[in-house]
Protein chains: 2
Amino acid sequence: MSILNAIQEKMESLHLKERALAEYLIKHPRQAVQMTITELAAQSGSSTATISRFCKTFHSQNFPDFKQKLATELVQQTAAPNRYQDIVAGNPLNEIVSAITANHLRSITDTTQVLDLNQLRLAIEALHRATRIDLYGSATSGIVAQDFFHKLIRIGKAAAAFSDPHLQLTSAASLTSEDVAVGISYSGETPETIHALRCAAEQGATTLSITRFGANTLADHASVRLFTSSAEVGMRRGDMASRMATLHVVDILFIGLVSEHFEQYVPRLELSYQTVKSYTSGKEERKNK
Amino acid sequence: MSILNAIQEKMESLHLKERALAEYLIKHPRQAVQMTITELAAQSGSSTATISRFCKTFHSQNFPDFKQKLATELVQQTAAPNRYQDIVAGNPLNEIVSAITANHLRSITDTTQVLDLNQLRLAIEALHRATRIDLYGSATSGIVAQDFFHKLIRIGKAAAAFSDPHLQLTSAASLTSEDVAVGISYSGETPETIHALRCAAEQGATTLSITRFGANTLADHASVRLFTSSAEVGMRRGDMASRMATLHVVDILFIGLVSEHFEQYVPRLELSYQTVKSYTSGKEERKNK
DNA sequence: TATATCATGAAAATTATTTTCTTATAATTA
DNA sequence: TAATTATAAGAAAATAATTTTCATGATATA
């Protein structure tokens with residue numbers, strides 16, 4: 001457990017000056033790690049002796065050691081905080097920025113942890129062998145489907161992304177056992193996507209689901225299942241973190257596919273890149289402002 | 001730049017004992033940050049005086065300060081590796097996964113660092129006041145524009161996203177000084193997006209660019225400029241990290257907007273969420289598999 | 001009320017760090 | 001080559017930081 005948490009927990013049992021010190025540490029940890037013991041004594045209203053003793057009760061050799069442990073903790077915290085944060089009113093902008101950053105980082109690392117390499121391998125192999133690839137998703141998941149679609153056509157795959165429920169079904173109905181259908185839905189409960197994937201399965205297509213971790217209907221209907229982290233609680237006001245997580249999975253799928261069949265796909269990727277570049281090369285003159 | 005890198009670079013110009021110290025630091029940084037200056041002097045074969053002087057040439061106040069900076073750096077390094085990794089052939093799947101994860105984490109943290117809060121504030125205010133919001137972007141940036149569009153309509157903004165060059169211009173031509181045009185392009189050199197944004201500017205609309213960091217044409221034409229980290233080198237085979245970075249900026253813009261005008265936007269957000277839920281509630285029976 | 005316990009800070013002791021001063025070595029010039 | 005200068009680098013002094021000891025006073029307990 002972290003030092004700051006440990007301090008917070010012990011707060012009740014602390015004596016007068018120790019508590020003053022503890023409160024200062026919790027309020028201004030970043031300043032504290034920059035101070036000498038004398039400065040901290042003055043700022044927190046305690047004494048150097050108290051501080052020195054205090055440090056030893058928190059598993060530190062001495063004050064400098066304590067400072068270093070605390071500093072390390074603070075860095076790690078900014079790098080990967082341990083809770084998703086909800087949007088609240090009128091926070092200062094810099095706090096909003098770090099909250100969103102934290103959420104995104106978290107959702108990516110969590111998703112990586114939840115990833116099943118065997119399912120991933122199956123998914124990659126299925127995509128590689130597929131004659132046609134259908135991608136189904138609504139709203140935000142539709143965006144992800146679009147993104148995947150953009151990627152797949154760059155390597156010459158016959159892919160298509162559908163957000164329209166009727167088109168989804170229309171396309172699904174025409175799939176064969178040679179084909180793959182990918183259903184994307186964070187909740188795993190989007191009816192249209194479920195219908196489409198089920199229809200694809202009935203035609204014999206290989207079905208792949210990308211949903212949040214945990215039991216859900218879409219995953220139930222898929223033969224290969226990929227999951228994202230599911231910790232986005234109370235974050236529905238934008239479902240950004242879930243989209244990041246889903247894109248993360250899509251990226252891994254795509255790069256896995258390209259990497260496993262490097263000779264085949266990379267030249268196409270390069271070609272698509274060069275072609276777009278050459279056709280849109282009417283490069284603007286940059287004016288000096 | 002990091003301390004260890006700086007030391008590595010200066011290595012050539014260092015004197016005998018300084019070099020011995022530098023080499024020790026590079027070889028055993030983790031041990032070094034745990035030592036006192038006397039211990040380090042003994043271990044590295046230099047003296048306390050040399051170390052003290054050495055620290056000051058590397059932008060540290062004193063030895064403890066140096067130690068703390070170095071320690072922080074080491075933690076950050078393990079938390080977020082410092083280079084973007086390219087896709088290569090036939091890597092084991094788990095390595096691909098961690099490489100992509102590292103790239104995404106990196107691009108998000110880097111983008112956060114590069115973010116200018118003042119420009120952000122201006123952007124948010126402009127979006128808030130806008131009667132109409134136009135979003136322009138091609139290919140991957142078009143996806144991001146779509147995503148932003150989805151977000152904005154949830155809070156009742158008259159927004160529209162355009163990937164089609166003709167439509168972009170058509171819409172841009174009808175903007176007024178009450179409106180905002182957002183040009184999204186990682187390179188900042190997509191001709192169609194530049195044209196559209198310039199056209200919008202000519203109509204008196206407020207123009208906002210979201211591009212990679214550094215001089216680029218699109219940013220030149222914008223009155224408010226937001227940047228993403230630009231370190232994606234040799235990563236064109238998918239431009240995933242850049243898309244993550246751009247989405248990150250869009251998310252921050254959106255949440256910033258909602259948060260600054262909480263009472264106005266949050267009810268709409270809730271309403272859109274509830275409405276979608278109620279209309280698509282024909283929830284499937286989950287079959288037990 | 002008397003006694004014991006213990007938090008606390010002042011000050012002493014210890015330890016850590018910086019600075020000064022000196023020396024020896026290397027570089028430069030005559 | 002010798003003389004001169006510059007400077008790297010450590011010893012030791014000076015300073016700063018930290019810990020420990022010890023005295024005090026407050027609080028709890030008998």
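Sequence lines set the chain letters: A, B, ... in the order given, protein chains first and strands last, and positions in each chain run from 1.
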(request) State which residues pass salt bridge (charged side-chain N to carboxylate O under 4.0 Å, His left out) with A/Asp65; sequence neighbours excluded, sorted by chain then number. (result) A/Lys69
(request) Kindly say whether A/Thr48 contributes a backbone atom to a donor-acceptor pair with the side chain of A/Ser52 at under 3.5 angstrom? (result) no
(request) Mind checking side chain to side chain contact (heavy atoms under 4.5 Å, CB included) for A/Gln34 and listing every partner two or more places apart, or none if nothing turns up? (result) B/Gln68
(request) Could you tell me whether the side chains of A/Ser47 and A/Thr50 share a donor-acceptor contact shorter than 3.5 Å? (result) yes
(request) Indicate for each nucleotide in nucleotides 10-21 of chain C, in 5' to 3' sequence, whether protein heavy atoms under 4.0 Å reach the base (B), only the sugar-phosphate (S), or nothing (-). (result) B-----SSBBB-
(request) Would you check if the side chain of B/Thr111 reaches a backbone N or O of B/Ser229 as a donor-acceptor pair within less than 3.5 Å? (result) yes
(request) Would you indicate whether B/Gln61, at its atom CD, is surrounded by more than 12 heavy atoms from other residues, nucleotides or ligands within a distance under 6.0 Å? (result) no
(message) Are A/His15 and A/Phe54, when compared by the centres of their aromatic rings, separated by less than 6.0 Å?
(response) no
(request) For the residue pair B/Asp116 and B/Phe227, establish whether any side-chain heavy-atom pair is separated by less than 4.5 Å. (result) no
(message) At a heavy-atom distance below 4.0 Å, what parts of residues 15-26 of chain A sit against DNA chain D?
(response) none
(request) Please identify each residue that fulfils side chain to side chain contact (heavy atoms under 4.5 Å, CB included) with B/Leu122, with sequence neighbours left out. (result) B/Gln119, B/Val224
(message) For a 4.0 angstrom threshold against heavy atoms of chain A, report the outermost contacting nucleotides of DNA chain D in 5' to 3' order.
(response) D/dA17 to D/dT21
(message) Any heavy-atom pair between the side chains of B/Phe213 and B/Thr228 that's under 4.5 Å?
(response) no
